[in-house]
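One structure below.
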Amino acid sequence: MTKKVKVSGLRKSFGKLEVLRGIDLEIDEGEVVCLIGPSGSGKSTFLRCLNRLEESTGGTIEVDGFEISDKKQNINKVRENIGMVFQQFNLFTNKTAKANLMFAPVQLKKMKRAQAEKRAMQLLIRVGLEDKANSYPHQLSGGQQQRVAIARALAMNPDIMLFDEPTSALDPEMVGEVLQVMKELAMDGMTMVVVTHEMGFARDVADRVLFMSDGLLVEQGTPDEIFSAPKEQRTKDFLSSVLKV
Amino acid sequence: MIETFNEAHSLLLQGIQVTVKAALLSIVIGIFVGLVSCLITVARIPVLKWLAAAYVWVVRGTPMLVQALFIYFGCPDVIRTVLPSFTVTPFIAGVITLSLNAGAYLSEIFRSGIQAVNTGQIEASRSLGLSAFTTMRKVVLPQAFKITVPSLVNQFIITVKDTSILTVIGLKEIVNMARQHVSIKYDYFETFIWVGAFYLVVISALMVLSKFVEKKLNYDKKG
Ligand SMILES: Nc1ncnc2c1ncn2[C@@H]1O[C@H](COP(=O)(O)OP(=O)(O)OP(=O)(O)O)[C@@H](O)[C@H]1O
Ligand SMILES: [Mg+2]
């Protein structure tokens, strides 16, 4: 199996505050990894280091064979292969759904306009929003916006997808539709790193669940191992606090 | 009223031409200067960012009247110590003053517009592999422009009105021409009603244009 992600000794500080305190992790091609943990434990920071939206302060990160932590690396080239989905969707508000999908491929000269448009429509069909192609973000529900955001990331044909709490900003009735799209993506063999509070999704879809606390990977294993028989006290405490509600 | 118009209109029309030319030119140059100053500030380019900050500080911190006198009378004096034959027309000095003035305020307007575009969209663009430059040009600036249209037009209106200050350096704009006229005819009341009417027409046109542009640009917003 080729390794899609190789992280070793990753550290990240904001000023005096050390948020990531030495993370080692390898992720296989096609693997779906869910990252869980209490608020403020560094999950988002970790994810954002993987495409250098945050600059790491120590250790090495390799994604897709590219050394992300190397300052000389052309990060824009590497990012073309790393899709990211944000909690707040972050769609381009002045562009239609279709234009959101076409933007990066056309700007980066990956495709001609006509080809990008065709691809955009295919992706909108895939996320069930072909009838919303010409809608602006404000005309879409949160769930629809997030599905467009996923499609926008897919438009660059990434090898790996990063999700940062993709359903946390959604009304409960819209969570399902977004998780469904992600589930299909996982079944298609996409390598995925998902920060989530959706324990049901993690249990169903993840190949591996990571538990992060205070900037460290405290425990990891199959969903069964983590949810049914956690070994660490901190994992147990966290799970009992989230599963109760 | 009509009598005054008949007597004064050729002078006033000359003044109007100068006013409109000076204002238009200064707005165009001001936009360019403001954009450069703003981008330097936003991109935090070393050294240049201090220059940009000093520029905005000086312009905002001094009256335009003083700036105009300084640029028309003060600077040429100094330049003449090296280049004895140097001269500058009131029009050129006036346009420089107005452009620098508009540029400083536009720089601040652009900056606030850029900062109003949420960082989420910038991160989304960067995460797709777009460079900081392309992200600025294709994602941030179009939206910042939209946000700033009302403030931009407001600044244009101020620039149009500020041309009248340039009377003090002898620019033959409409107020100057009107004063020439009344110094002979003494029909202050009528003449300055005509002058005021001219400003009202021009500025109302700008306001209408602004509303129109805002409507056009707001295709992607609610309401
Ligand atoms: N840009 C920043 N500057 C300073 N501190 C930051 C910054 N970003 C995050 N932090 C801090 O780093 C810590 C980890 O934040 P992070 O967002 O990674 O947590 P998280 O696990 O994603 O939490 P949540 O579940 O609430 O999203 C927090 O204490 C946060 O305040
Ligand atoms: Mg987070």
Side-chain angles (χ1 to χ4, degrees), chain A residues 44 47-48 50-54 66 74-97 99-110 134-140 145 148-158 160-164 169, chain B residues 31 35 38-39 42-46 49 109-153 209-223:
Chain A
S44 299
L47 204 67
R48 292 161 57 84
L50 294 182
N51 64 356
R52 216 208 273 168
L53 281 183
E54 298 291 355
F66 294 101
N74 178 358
I75 190 66
N76 295 329
K77 222 52 235 135
V78 187
R79 281 176 180 157
E80 290 178 8
N81 295 317
I82 310 175
M84 188 167 213
V85 176
F86 302 85
Q87 185 173 350
Q88 300 296 340
F89 330 134
N90 296 347
L91 291 178
F92 304 124
T93 53
N94 59 338
K95 294 185 186 340
T96 62
N100 263 278
L101 269 62
M102 292 166 61
F103 177 67
V106 170
Q107 283 300 323
L108 295 168
K109 303 198 166 56
K110 294 277 146 194
N134 295 314
S135 300
Y136 286 96
H138 76 83
Q139 296 166 322
L140 302 173
Q145 287 190 53
V148 172
I150 294 172
R152 174 178 66 179
L154 292 175
M156 286 299 290
N157 293 320
I160 171 168
M161 289 279 284
L162 312 176
F163 296 82
D164 192 359
Chain B
I31 289 175
L35 210 52
C38 154
L39 290 178
V42 173
R44 300 203 192 86
I45 300 174
K49 73 177 178 184
I109 291 170
F110 289 137
R111 191 172 58 83
S112 66
I114 286 173
Q115 282 167 350
V117 178
N118 66 1
T119 51
Q121 289 185 53
I122 299 172
E123 288 190 341
S125 174
R126 297 304 311 275
S127 80
L128 288 162
L130 289 125
S131 66
F133 182 72
T134 310
T135 300
M136 182 50 93
R137 217 162 44 95
K138 295 286 176 176
V139 177
V140 181
L141 287 183
Q143 295 189 55
F145 175 70
K146 243 188 253 191
I147 297 167
T148 55
V149 164
S151 323
L152 283 180
V153 174
L209 181 74
S210 152
K211 281 275 166 282
F212 176 77
V213 173
E214 269 177 69
K215 270 231 176 70
K216 273 267 160 204
L217 287 176
N218 274 348
Y219 52 83
D220 61 340
K221 291 275 146 55
K222 280 175 198 160

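So you know, we letter chains A, B, ... as the sequences are listed, proteins then strands, and number each from 1.
Residues of residues 110-120 of chain B lying under 4.5 angstrom from chain A, judged on non-hydrogen atoms, are B:Gly120 by number.
Of the atoms belonging to A:Phe92, heavy atoms from both backbone and side chain fall under 4.5 Å from chain B. Interface residue B:Ser131: backbone and side-chain heavy atoms are both found under 4.5 Å from chain A. At a 4.5 Å heavy-atom cutoff, A:Leu162 makes no contact with chain B through either its backbone or its side chain. Only the side chain of A:Leu53 comes within contact range of chain B, judged by heavy atoms closer than 4.5 Å. For a residue to count as touching a neighbouring chain, one of its non-hydrogen atoms must lie under 4.5 Å from one of that chain's; by this rule A:Phe103 touches chain B with the side chain only.
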Check: How far apart are the C-alpha atoms of B:Arg126 and A:Asn76, what are their side-chain angles, what is the distance that settles it, and do they pass the side-chain contact (heavy atoms from CB on, under 4.5 Å) test?
Finding: CA-CA 7 Å; B:Arg126 297 304 311 275; A:Asn76 295 329; 3.3 Å; yes
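Note on residues 79-93 of chain A: pairs passing salt bridge (charged side-chain N to carboxylate O under 4.0 Å, His left out), not counting sequence neighbours, are A:Lys77-A:Glu80, A:Glu80-A:Lys110.
Counting heavy-atom neighbours within 6.0 Å of B:Lys49 NZ, excluding the residue itself, gives a total above 12.
For B:Lys211, there are no side chain to side chain donor-acceptor pair (under 3.5 Å) partners two or more places apart in sequence or in a different chain. Residues forming a side chain to side chain donor-acceptor pair (under 3.5 Å) with B:Glu123 (at least two apart in sequence, or on another chain): A:Arg48.
Rounding to the nearest 0.5 Å places CE of A:Met156 at 10.0 Å from OG of B:Ser127. Atom CG of A:Asn100 sits about 8.0 Å away from atom CD of B:Gln121, to the nearest 0.5 Å.
Nearest heavy-atom pair across B:Leu130 and A:Ala104 is CD1-CB, 4.0 Å.
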